[in-house]
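Inspection log for the structure reproduced underneath, given as structure tokens.
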There are 4 protein chains.
Amino acid sequence: MAEADTRTRILEAARRLFHEQGYGATGVATILREAGVHPGSLYHFFRSKEELLAGLLEYYPSLFAPIVSRPIEAAEKEAVERVFALLAFYRKGLEESGCRLGCPIGNLALEVSDNHPEVRPLLERNFAMWSGTVAGWLARARLRRGTDLDRLARFVLAVMEGAVMQARGAGSLAPFDAAVAELRRHFDLLQERAGASRARRRKR
Amino acid sequence: MAEADTRTRILEAARRLFHEQGYGATGVATILREAGVHPGSLYHFFRSKEELLAGLLEYYPSLFAPIVSRPIEAAEKEAVERVFALLAFYRKGLEESGCRLGCPIGNLALEVSDNHPEVRPLLERNFAMWSGTVAGWLARARLRRGTDLDRLARFVLAVMEGAVMQARGAGSLAPFDAAVAELRRHFDLLQERAGASRARRRKR
Amino acid sequence: MAEADTRTRILEAARRLFHEQGYGATGVATILREAGVHPGSLYHFFRSKEELLAGLLEYYPSLFAPIVSRPIEAAEKEAVERVFALLAFYRKGLEESGCRLGCPIGNLALEVSDNHPEVRPLLERNFAMWSGTVAGWLARARLRRGTDLDRLARFVLAVMEGAVMQARGAGSLAPFDAAVAELRRHFDLLQERAGASRARRRKR
Amino acid sequence: MAEADTRTRILEAARRLFHEQGYGATGVATILREAGVHPGSLYHFFRSKEELLAGLLEYYPSLFAPIVSRPIEAAEKEAVERVFALLAFYRKGLEESGCRLGCPIGNLALEVSDNHPEVRPLLERNFAMWSGTVAGWLARARLRRGTDLDRLARFVLAVMEGAVMQARGAGSLAPFDAAVAELRRHFDLLQERAGASRARRRKR
DNA sequence: GATGAATGAGGCTTCATTCAT
DNA sequence: TATGAATGAAGCCTCATTCAT
């Protein structure tokens, strides 16, 4: 692991700290210390803490494929199961942290979208990438006729975020598991009479 | 009397400001100014900003019935429609504020649950009241056999929170509407074979 | 000398430091240290460094009579001589400081009037008090017919400020003395044929 | 060649910015941006911001003849009128800028002479060139016997600087005009009995 | 001689809280 | 109990300058 360049070190420190403490609760000084960087350097790359936030939201999409979607796609071939593997990924994060942290993008969406509206398009871009990936997977699933895949993917994202939120509030995985179980039921219903005759492209 | 007034004025100011700006971004000085109160007074009623937060989370449940659930129950008698009236209530809040503000409890859950774990039980109590109310309504609905009402209510809460989050991030109601439409579909499927003939008021 | 109140201690520290170093070159931290005060205290009385500057420019007029004009009026009864005593007061300030410091109001006028236009009225008020005092003195002088006392007083102020400026630039009293000597000549000419017959009110 | 260009671009940027904002309030970064130059380049030509200031004060005299004195000498042949044309030059500067900016040398004299004593000789050199030019003009005027031309020229400079200062403080040309009018009177008195019959072009 | 990243001290201001009246 | 001054740590950011390329 070569010494990352300064800009990336700053982004990585910000990513971790914003995830752990939130945007407002993270001081620039802490980011500097964790990144091993001087104030002037940070402000050389980012004009303000707010632009660092924007930079981070532009950086996140580059992490999604290598860390999240590609491993899932490699491990799981069946479309609907990929969706639940994705939810399991977030469950694991909650479990390992004692129902802390949650979804970094979701956290920022609630914390900063009102006070820093410039970042809204970047938040949306992250949500769109997430739900777009899910929709892409589901294109290969056999679901009831009339299913709107983009809408369904947005729904999955909503369930995930709302489930994570309840788990963090409760300090327990129970509400997360409840929401996911009900989502599973929704998929069961969508698949129930889906393709009596449809040919399956792949098997696993 | 005057005491109760002062305390309530503080709570109301905190409620509004935490909702508009978040907990961390709201300074105690701002709360004082908005409540028309001096520091000594606030610290007479609450030992710290954190205890004010706790006080607010204890105060919120007292607002839920008069402001949220009772008006819905009065206006809508059908169980499932009450659920969607509840979601419409949040949609209206988003619409009127330009996709800002969102759910005050959800915002606090993501912002403070890690850094202030003492308030977790209070957050959970608010979530439980919300989903408990929904579950109570749904007890009178005719849904598929095997439907777990508490689980379904938690699911509704998750969808609402995740839909609000996406709308705030996007600055648009579209993802909210998408998630709610898919939730409607879930209810349709749950009701499909539940009761042979019962009329549904709406379809989409 | 009783311990002055906090606000006055701050103003006195600012007065001295702004005079010695200028407004921009004086850090708030230095003012705090010299006044023996904590940041919150300063910002309790003044909303910003700029408002402290405004407060100082409102404070200055209260010093003019006791420190400047009244001692001169007590020591010197003749009108024109009072004017030159006033100039001598500034000369003494230059002499004792090695041609440094100069006129505190003049310094601020050049340094801040562009970047902080809100203080212009306060600068003007200080200039008006100074020249108003001079004009008041000259009302009792025998000067050529047609002499505009306010205009003459503004002229005296201009000469003083311009003379102080040159002395500070040169690091020498010579240009100051040259300007004052020429101003003396102007007064000599104004008095030359002034009142052949006019009765003198006072003698000394 | 390219070197001369760069150095001059830096000096011109510094001249403009120091005039508009003052020395202390102008950041080196701003100078760099306005000059289109990188830090290393500036520090190649000037060892510090302070040396840039010195360089600027050495550069200024080269601008005085082409921009200030020669145009006046071309337009106005009469000695005393040249002096008032010079004052009109500064008045125009105030008028065009809304009583901002003022005399660049005077501004620097008050701002930097205490904190940067090394530049005092350069300030004095600028003042001496200015008053020397005026004294040179006045050598051809018919003034009262015993008039000390250097002293009178220093006096004119003092009036100009003090008049500019008051105009900037007041945000109005009135005090400038008052001081100049009184200076006109001084010249009138000096010329009164000097030459029996010489016609004056203008009277106040 | 140009480039642009790095340095680290210091800039002004706000924070939640406590104290004296 | 209300008041408003005091506390002192920490907030984000800019400064003039230097370094390696």
Side-chain angles (χ1 to χ4, degrees), chain A residues 5-7 9-10 23-33 35-53, chain B residues 1-3 5-7 23-33 36-53, chain C residues 5-7 9-10 23-32 35-53, chain D residues 1-7 23-33 36-53:
Chain A
D5 71 357
T6 303
R7 203 186 120 99
R9 280 213 318 282
I10 295 168
Y23 172 77
T26 299
V28 171
T30 308
I31 299 171
L32 296 174
R33 183 174 3 95
V37 149
H38 295 268
S41 296
L42 189 153
Y43 287 92
H44 177 72
F45 293 105
F46 305 98
R47 288 222 278 265
S48 64
K49 190 189 178 186
E50 200 172 0
E51 287 208 0
L52 168 57
L53 170 64
Chain B
M1 197 93 312
E3 173 166 336
D5 267 4
T6 300
R7 205 187 119 99
Y23 173 77
T26 299
V28 171
T30 307
I31 300 171
L32 296 173
R33 182 175 3 95
V37 149
H38 293 266
S41 299
L42 189 150
Y43 285 91
H44 172 72
F45 294 106
F46 304 98
R47 293 230 282 263
S48 66
K49 190 188 180 186
E50 199 171 7
E51 288 208 359
L52 168 58
L53 170 64
Chain C
D5 71 357
T6 303
R7 203 187 120 98
R9 282 213 317 282
I10 295 168
Y23 171 78
T26 299
V28 171
T30 309
I31 299 171
L32 296 173
V37 148
H38 295 269
S41 296
L42 189 153
Y43 286 91
H44 177 70
F45 292 105
F46 305 98
R47 289 222 276 265
S48 64
K49 190 188 179 188
E50 198 171 3
E51 287 208 1
L52 169 57
L53 170 64
Chain D
M1 196 89 320
E3 173 166 337
D5 264 7
T6 300
R7 205 187 118 99
Y23 172 77
T26 299
V28 172
T30 308
I31 300 171
L32 296 173
R33 181 172 9 93
V37 149
H38 294 266
S41 298
L42 189 151
Y43 286 92
H44 172 71
F45 293 107
F46 305 98
R47 292 230 280 262
S48 65
K49 190 187 179 187
E50 200 171 5
E51 288 208 0
L52 169 57
L53 170 64

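Below, read A as the first sequence line, B as the second, and so on, with proteins coming before strands; counting in each chain starts at 1.
- Between His38(C) and dA6(F) there is no side-chain N or O to OP1 or OP2 distance below 4.0 Å.
- For the side-chain contact (heavy atoms from CB on, under 4.5 Å) with Phe45(A), the lone residue among Val37(A), Leu52(A), Thr6(A), Asp5(A) that qualifies is Thr6(A).
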(message) How would you summarise protein contacts on nucleotides 9-20 of chain E per nucleotide, using B for base, S for sugar-phosphate only and - for none, with heavy-atom distances below 4.0 Å?
(response) B--SBB-SBB--
(request) Walk me through it: do Phe46(B) and Arg7(B) pass the test side chain to side chain contact (heavy atoms under 4.5 Å, CB included)? (result) CA-CA 9 Å; Phe46(B) 304 98; Arg7(B) 205 187 119 99; 3.5 Å; yes
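- dA2(E) atom C1' lies 15 Å from atom CG of Asp5(D), rounded to whole Å.
- The minimum heavy-atom distance between Thr26(D) and Lys49(D), with the atom names listed, is O-NZ, 3.0 Å.
- Atom CG of Leu42(B) is separated from atom P of dT1(F) by 15 Å (rounded to the nearest Å).
- OP1 and OP2 of dT1(F) both lie 4.0 Å or more from every side-chain N or O belonging to Thr6(B).
- Taking 4.0 angstrom as the limit, Ser41(B) places none of its side-chain polar atoms (N or O) nearer than this to OP1 or OP2 of dT1(F).
- Straight-line distance from the CZ atom of Arg33(A) to the P atom of dG8(E): 16 Å, rounded to whole Å.
- Phosphate proximity of dT1(F) to His44(B): present, with a side-chain N or O under 4.0 Å from OP1 or OP2.
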(request) Toss me the dot-bracket line for DNA chain E: Watson-Crick and G-U wobble, both under 3.5 Å, 5' to 3', using | for pairs to another strand and [ ] for crossers. (result) .||||||||||||||||||||
(request) Kindly indicate, with the supporting measurements, whether the criterion side chain to side chain contact (heavy atoms under 4.5 Å, CB included) is fulfilled by Glu51(C) and Tyr43(C). (result) CA-CA 10 Å; Glu51(C) 287 208 1; Tyr43(C) 286 91; over 6 Å; no
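- Residues forming a salt bridge (charged side-chain N to carboxylate O under 4.0 Å, His left out) with Arg33(D) (at least two apart in sequence, or on another chain): none.
- Remark: P of dT1(F) and CZ of Phe46(B) are 14 Å apart, rounded to the nearest angstrom.
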